[in-house]
Amino acid sequence: MASRMRIRAQLKDDYCEVKALMRHPMETGMRKDQSGAAIPANFIEDVQVLHNDAVVVQAYWGAAVSANPFLGVRFRGGAQGDVVKVVWRDNHGDSGSGETTIR
Amino acid sequence: MNNGFISGIFAVFIGLWSATLLSDTEGVFDQYRDLLGDDNPAIFVIFDGEEIWYTPAGPKSVSLEQCDLGLGPGVVEGAYAQLPRYFADVDRVQDVEARLEYCMTQLQGLTPDEVHEKPYSLRGDLGTELEALVAWIADQSSGLAIAPGQAHAKERATYALGENLFYYRAGPHDFSCATCHEQTGRRIRLQALPNLTTHQGAAEAYSSWPAYRISQGIVRTMGWRMRDCMRQQRMPELMMGSQASVALQTYLAVNGAGASMTAPGLKR
Amino acid sequence: MQLLAFIIFSSSLCADEPYDALLDSMTDKNFVTVERLKQDELQEFCSQPRTASVDEARAAELRAAALSDVPIPSGENYLGDWQLGEKVASNGRGLQYSDDPEQENGGNCYACHQLDPSEVAYGNLGPSLSGYGARGQSIVMLQYTWTKLWNTHAYNICSHMPRFGAAGILTEQQLRDVMAFLFDPNSPVNRSQP
């Protein structure tokens with residue numbers, strides 16, 4: 001199964017910068033396809049960034065976020081080698097995640 | 001709760017553009033590119049393309065592994081940068097799409113109709129196999145110099161045809177490619193138009209397609225770009241891998257020869 | 001045998017002609033057919049780089065032909081409703097195979113021209129038309145502008161501006177409305193810069 005997320009976490013000055021690119025159509029539910037049929041809504045509702053299993057960022061998204069969303073966050077308290085994880089859940093109940101260690 | 005402290009979410013990229021006064025829409029897309037750094041959502045499509053290449057398909061249940069893109073069967077690295085080029089087995093000049101059509105029909109047993117049925121995504125689609133294949137094949141030439149074949153007489157004739165087609169005015173609006181792409185520093189509305197008759201403009205254009213189209217969330221090929229230009233020129237539909245499509249791409253590739261491939265690009 | 005070789009050779013040459021190559025490369029789509037690929041005299045004459053030298057005698061003939069075909073609007077009424085004209089100027093649809101043939105065509109003026117100075121999304125393939133109304137509404141100016149819109153080649157041979165009247169892109173009423181958008185003192189085109 002091909003990866004659905006590219007994730008990196010890097011220490012910079014006094015914070016850790018996390019960049020995560022997620023694969024998701026983020027369909028608003030308002031578009032119609034070529035035949036005129038409505039394309040059902042399909043978007044990420046919930047995103048969490050975890051540092052060593054503790055939630056450091058909790059985000060609530062919706063149809064306004066564009067396809068294949070990119071998330072960038074900074075947090076303090078991370079150290080090299082710590083595990084950073086990004087988890088998402090969409091309006092269909094599907095979920096995806098990615099994991100990396102802080103460099 | 002640990003000691004982590006959020007200093008700020010510095011970028012959540014939202015699909016709602018604020019109405020800002022910009023001299024060029026590229027401003028917001030440049031911001032997006034800066035935020036992403038060297039990331040590009042095309043990476044997901046590249047993974048798909050590679051998988052498709054190695055997956056058996058068609059009535060003959062064969063993969064594309066033996067497909068010759070110009071550097072020998074199965075050699076993908078560097079192949080895109082040397083297209084379009086003359087292929088002796090078909091006695092014509094082909095671009096990547098025409099060549100993939102040849103491999104899909106010869107190796108996999110698909111019919112030309114099946115290949116031509118839906119090469120490019122329509123509204124609502126999440127990408128076609130052709131788009132994924134071209135994304136991966138082009139990525140395998142990233143950083144290499146654009147070097148389309150021009151040693152063979154047919155390659156040179158194809159360039160000449162491409163140049164003639166570039167200036168060919170037709171349709172109710174009398175548009176040619178030149179209408180929009182013959183001058184430097186021009187734009188339609190807020191979309192900058194490269195001057196494709198110059199090395200710099202052609203290099204800029206040819207090196208960055210195929211590209212992830214942010215507004216569509218999918219990868220689009222140069223063949224699609226040509227088709228969509230023609231649509232906007234009020235022309236009928238340009239077929240993938242056709243003589244005119246190959247000739248126009250040859251015109252761009254030769255004009256831009258020497259510049260480095262950067263595809264897949266990241267465009268509005 | 002040699003005749004056959006000659007036929008094959010010359011047909012392969014013909015296949016390199018742009019028109020033949022396009023016929024071979026394009027298919028009809030919705031209401032847009034390959035008929036559009038056929039060039040008229042003007043298109044054929046103008047299918048060259050803008051830097052190329054032009055046959056002046058032929059250019060003069062084509063300019064005269066373009067000018068003589070420009071009709072005077074009915075009732076000699078050149079000006080319509082600028083609010084409708086603004087819509088025509090902003091509408092970029094019409095005659096593409098993705099368009100609905102039942103909908104009216106737009107002029108897409110903003111693709112190439114600046115018009116209302118407060119509208120920033122304008123192209124620069126053509127000159128700015130902001131403040132166009134300052135030229136006044138003499139019959140000479142009205143007719144000049146009408147002719148430009150109907151068939152610009154009457155004055156500017158091989159211009160890249162479409163023949164909005166002569167090619168049937170816009171109706172006479174739409175052209176009157178665009179004229180009003182350009183000339184009417186109340187039109188946003190003629191209001192001063194914000």
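Just so it is clear: chains get the letters A, B, ... in the order the sequence lines come, proteins before strands, and each one is counted from 1. Values below: every heavy atom of this structure, side chains too, minus hydrogens, waters and symmetry copies.
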Note to self: How about B/C229 and B/C177 - are their SG atoms less than 2.5 Å from one another?
What the structure shows: no
Check: Who among C/M161, C/K29, C/E119 has the most heavy-atom pairs with chain B under 4.5 Å?
Finding: C/K29
Notebook entry, point to check: Quick one: of B/G162, B/A247, B/A244, who has the most non-hydrogen atom pairs under 4.5 Å with chain C?
Noted result: B/A244
Checklist line | Residue C/Q48 versus chain B: region with a heavy atom under 4.5 Å | finding: backbone
Next item on the list: Among the options B/L165, B/T179, B/I188, pick out the one with the most heavy-atom pairs lying under 4.5 Å from chain C.
Entry: B/T179
Next item on the list: Decide yes or no for B/W224 and B/W209: does some side-chain heavy atom of the first lie under 4.5 Å from some side-chain heavy atom of the second?
Entry: yes
Check: So what's closer than 4.5 Å to chain C heavy atoms on B/F166: side chain, backbone, both or neither?
Finding: neither
Margin query: Quick one, C/S47 and C/Q39 - any side-chain contact, counting heavy atoms below 4.5 Å?
Written below: yes
Check: Judged by modelled atom types alone, do B/E155 and B/T250 share a side-chain donor-acceptor pair under 3.5 Å?
Finding: no
Note to self: Quick check on B/S176 against chain C: is it the side chain, the backbone, both or neither that has a heavy atom closer than 4.5 Å?
What the structure shows: side chain
Item checked: Minimum side-chain heavy-atom gap C/I157-C/F45 below 4.5 Å -> yes
Note to self: Please identify, among C/Y110, C/Y122, C/Y19, C/F164, the residue contributing the most non-hydrogen atom pairs under 4.5 Å to chain B.
What the structure shows: C/Y122
Check: Is it the backbone or the side chain of B/M240 that comes under 4.5 Å from a heavy atom of chain C, or both, or neither?
Finding: neither
Next item on the list: For chain C, find which of B/G241, B/S242, B/C180, B/S245 contributes the most heavy-atom pairs closer than 4.5 angstrom.
Entry: B/S242
Checklist line | Atom group of C/T27 that falls short of 4.5 Å from chain B, counting heavy atoms | finding: both
Item checked: Atom group of C/S159 that falls short of 4.5 Å from chain B, counting heavy atoms -> backbone
Note to self: What I'd like to find out is whether the side chain of C/L79 reaches to under 4.5 Å of the side chain of C/L142, using heavy atoms alone.
What the structure shows: yes
Margin query: Run the side chain to side chain donor-acceptor pair (under 3.5 Å) test on B/D174 and C/Q43 for me, step by step, so that the C-alpha distance in whole Å, both residues' side-chain angles and the decisive distance to 0.1 Å come before the verdict.
Written below: CA-CA 7 Å; B/D174 310 322; C/Q43 291 170 332; 2.8 Å; yes
Notebook entry, point to check: Between C/F31 and chain B, which part of the residue has a heavy atom less than 4.5 Å away: side chain, backbone, both or neither?
Noted result: neither
Margin query: Is a donor from one side chain sitting under 3.5 angstrom from an acceptor on the other, for B/Q94 and B/Y86?
Written below: no
Next item on the list: Please determine, by modelled atom types, if B/T197 and C/R50 share a side-chain donor-acceptor pair under 3.5 angstrom.
Entry: no
Notebook entry, point to check: Should the pair C/R163-C/D40 be classified as a salt bridge under the 4.0 Å nitrogen-to-oxygen rule?
Noted result: yes
Notebook entry, point to check: Any side-chain heavy-atom pair from B/V134 and B/L100 closer than 4.5 angstrom?
Noted result: yes
Notebook entry, point to check: If you tally heavy-atom pairs under 4.5 Å against chain C, which of B/R234, B/M239, B/Q232, B/E163 wins?
Noted result: B/R234
Notebook entry, point to check: Does any heavy atom of chain C fall under 4.5 Å from the side chain of B/E237, the backbone, both, or neither of them?
Noted result: both
Check: Top residue by heavy-atom pair count (under 4.5 Å) with chain B, among C/V32, C/L125, C/T33, C/D28?
Finding: C/L125
Notebook entry, point to check: So what's closer than 4.5 Å to chain B heavy atoms on C/I169: side chain, backbone, both or neither?
Noted result: side chain
Checklist line | Option that, when pairs with chain B are counted at under 4.5 Å, heavy atom only, ranks first among C/C46, C/A121, C/P49 | finding: C/P49
